[in-house]
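Contents: one structure, followed by commentary.
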Amino acid sequence: MSTKILVFAGSVRNGAFSQHMADAATHELEKQGAQVTQISLRDYPLPIMDEDLQSEHGIPEPAMQLARIIANHDGLMICSPEYNASIPPLLKNTLDWVSRISKDGDAPLRPYAGLTTALCSTSNGAFAGMRGLYHLRAVLMAVGAQVVTEQCSVSGAANAFDADNALKDERSQRALTNACRILIENCSLRPRT
Ligand SMILES: Cc1cc2nc3c(=O)[nH]c(=O)nc-3n(C[C@H](O)[C@H](O)[C@H](O)COP(=O)(O)O)c2cc1C
C-alpha cells in the first residue's frame with residue numbers, strides 16, 4: 001500500500017509562492033509513489049486561539065476536521081513562507097488549535113503523535129524563508145511530530161516556478177526530491193499505528 005502524505009501551504013494568498021511549492025511537492029511525492037492529499041487552510045477557518053473560547057465552545061469543527069485528516073495520513077509536508085523570520089500567524093494558529101485536541105468524542109485522537117513531517121519554504125527574498133522553518137520545526141517537535149532534517153528552501157520565488165509549478169532550478173529540485181524521498185522512507189520506518 002502506498003504511503004499517504006498530506007500536503008498544505010502555510011499561506012492562502014492568491015498566487016502564493018508556498019502554494020506553488022505545495023504543487024511541486026505534491027507532484028514529486030506522487031512521482032515517488034506516494035498517495036497525496038493536498039488541502040488548503042482556507043477550507044479550515046479558525047478564530048485566533050483563545051483558551052476562553054475553547055473552554056466556552058470547545059474545539060472548532062474545522063480544527064477537528066483537520067485533526068482527523070492529519071491522523072488519517074502517514075506523513076505531512078508543509079510548504080510555508082516566513083513572516084518576520086518566523087511562522088506565519090495563519091499556520092501557527094492552525095497548528096495551535098489542532099494541538100489542543102486529544103479526543104474525538106470518546107476515542108483518543110492525537111494527530112501529531114509520531115507524525116513524520118517534512119518542510120519546505122519559499123520567499124522572493126534571499127533567505128528563502130529558511131529562518132521561519134527553524135521556528136516551525138521547533139513547534140512541530142514540541143507537539144510530537146518527527147520532523148526530517150532534509151528540507152527545500154527556494155529564494156527568488158517569483159521566478160522559481162514554471163507554468164506548471166515545477167521548480168526551474170536543478171539544485172532546488174534536487175533538494176525537493178531528496179526531502180520527499182526521506183519523508184516517504186521515514187514514514188515506512190515509523191508506522192503510525
Ligand atoms: C507580516 C509579513 C512579514 C514578512 N516577513 C518576511 C520575512 O521575514 N522574510 C521574507 O522572506 N519575506 C517576508 N514577507 C514577505 C513574504 O515572504 C511574501 O509576502 C510572500 O509572498 C508570502 O508568501 P506566499 O507567497 O506563500 O503567500 C513578509 C510578509 C508579511 C505580510
Side-chain angles (χ1 to χ4, degrees), residues 1-12 18-19 21-22 24-26 28-29 32 34-41 43-44 46 49 54 59-60 62-83 85-104 107-122 128-153 175-193:
M1 219 168 61
S2 56
T3 308
K4 288 166 71 179
I5 307 282
L6 181 67
V7 176
F8 61 80
S11 166
V12 295
S18 51
Q19 185 56 54
M21 192 74 212
T26 294
E28 180 57 37
L29 287 161
Q32 294 190 30
Q35 185 187 325
V36 180
T37 310
Q38 197 191 117
I39 59 168
S40 166
L41 294 186
D43 296 326
Y44 302 88
L46 291 164
M49 179 71 224
Q54 186 189 345
I59 305 280
M64 290 302 305
Q65 288 168 2
L66 188 53
R68 291 183 197 116
I69 292 175
I70 293 172
N72 194 31
H73 284 76
D74 303 305
L76 173 66
M77 165 71 83
I78 301 178
C79 303
S80 186
E82 66 176 17
Y83 278 9
S86 189
I87 309 170
L90 168 74
L91 178 57
K92 180 67 163 57
N93 191 53
T94 303
L95 293 173
D96 285 348
W97 269 116
V98 172
S99 77
R100 306 298 290 172
I101 297 167
S102 58
K103 280 187 175 168
D104 189 359
L109 178 63
R110 298 193 175 278
Y112 295 130
L115 177 67
T116 304
T117 304
L119 306 177
C120 293
S121 65
T122 40
M130 206 182 295
R131 297 170 302 178
L133 291 194
Y134 284 106
H135 293 191
L136 181 54
R137 183 175 288 277
V139 168
L140 286 163
M141 285 165 61
V143 296
Q146 299 283 341
V147 189
V148 303
T149 303
E150 289 72 12
Q151 62 185 43
C152 175
S153 292
L176 177 61
T177 302
N178 202 34
C180 291
R181 181 177 60 78
I182 298 290
L183 173 59
I184 293 169
E185 280 177 13
N186 275 259
C187 286
S188 318
L189 289 174
R190 298 173 184 274
R192 298 196 75 193
T193 48

Working note: Cys120 + Leu176, criterion side-chain contact (heavy atoms from CB on, under 4.5 Å); need CA distance, chi angles, decisive distance, verdict.
CA-CA 8 Å; Cys120 293; Leu176 177 61; 3.9 Å; yes

If you take all heavy atoms of Pro60 and Leu46, which pair is closest and at what distance?
CB-CD2, 3.7 Å

Show your working on side-chain contact (heavy atoms from CB on, under 4.5 Å) between Glu82 and Met130 and close with a plain yes or no.
CA-CA 7 Å; Glu82 66 176 17; Met130 206 182 295; 5.6 Å; no

Can you measure from CD (Gln151) to CD1 (Ile182) and round to the nearest 0.5 angstrom?
13.0 Å

Check whether any side-chain heavy atom of Val147 lies under 4.5 Å from a side-chain heavy atom of Leu136, and answer yes or no.
no

Counting C-beta onward and ignoring hydrogens, is there a side-chain heavy-atom pair between Pro88 and Ser11 closer than 4.5 Å?
no

I need the Leu29 CG to Gln38 CD distance, nearest 0.5 Å.
10.0 Å

How many angstroms lie between atom CG of Asn178 and atom SG of Cys152, to the nearest 0.5 angstrom?
10.0 Å

Before giving the answer on side-chain contact (heavy atoms from CB on, under 4.5 Å), spell out for Val143 and Val98 the whole-Å C-alpha distance, their side-chain angles and the decisive distance to 0.1 Å.
CA-CA 10 Å; Val143 296; Val98 172; over 6 Å; no

Does a donor on one side chain and an acceptor on the other come within less than 3.5 Å for Ser121 and Ser153?
yes

Value for OG1 (Thr26) from CG (Leu6), rounded to nearest 0.5 Å, stands at 9.0 Å

Which heavy-atom pair separates Met77 from Ile5 by the least distance, and what is that distance?
N-CG2, 4.2 Å

Once you round to the nearest 0.5 Å, how far does CG of Asn186 lie from CD of Glu150?
7.5 Å

Check Tyr44 against Pro62 and note the closest heavy-atom contact, atom names and distance.
CD2-O, 3.4 Å

Closest non-hydrogen atom pair, Ser188 against Pro191
O-CD, 3.5 Å

Could you report the tightest heavy-atom contact between Gln32 and Arg181, atom names first, then the distance?
OE1-CA, 3.1 Å

Evaluate Thr94 against Phe8 for side-chain contact (heavy atoms from CB on, under 4.5 Å), listing each step before the verdict.
CA-CA 12 Å; Thr94 303; Phe8 61 80; 5.7 Å; no

Show every donor-acceptor pair shorter than 3.5 Å between a side-chain atom in residues 109-117 and any protein atom, with sequence neighbours excluded, or say none if there are none.
from, atom 1, to, atom 2, distance (Å)
Tyr112, OH, Leu95, O, 2.8
Thr117, OG1, Leu115, O, 3.0

Please report the shortest heavy-atom distance between Cys180 and Ala25, naming the atom on each side.
SG-O, 4.1 Å

State the CD-OG1 distance between Gln35 and Thr3, to the nearest 0.5 angstrom.
9.5 Å

Between Asn93 and Pro89 (side chain of the first, backbone of the second, donor and acceptor by atom type, cut-off under 3.5 Å), is there such a pair?
no

Using distance only, find each side-chain donor-acceptor pair of residues 67-76 under 3.5 Å and give its atom names and separation, not counting sequence neighbours.
from, atom 1, to, atom 2, distance (Å)
Arg68, NE, Asp104, OD2, 2.7
Arg68, NH1, Glu61, OE2, 3.2
Arg68, NH2, Asp104, OD1, 3.2
Asn72, OD1, Lys4, NZ, 3.4
His73, ND1, Ile69, O, 2.7
His73, NE2, Thr37, OG1, 2.7
Asp74, OD2, Lys4, N, 2.7

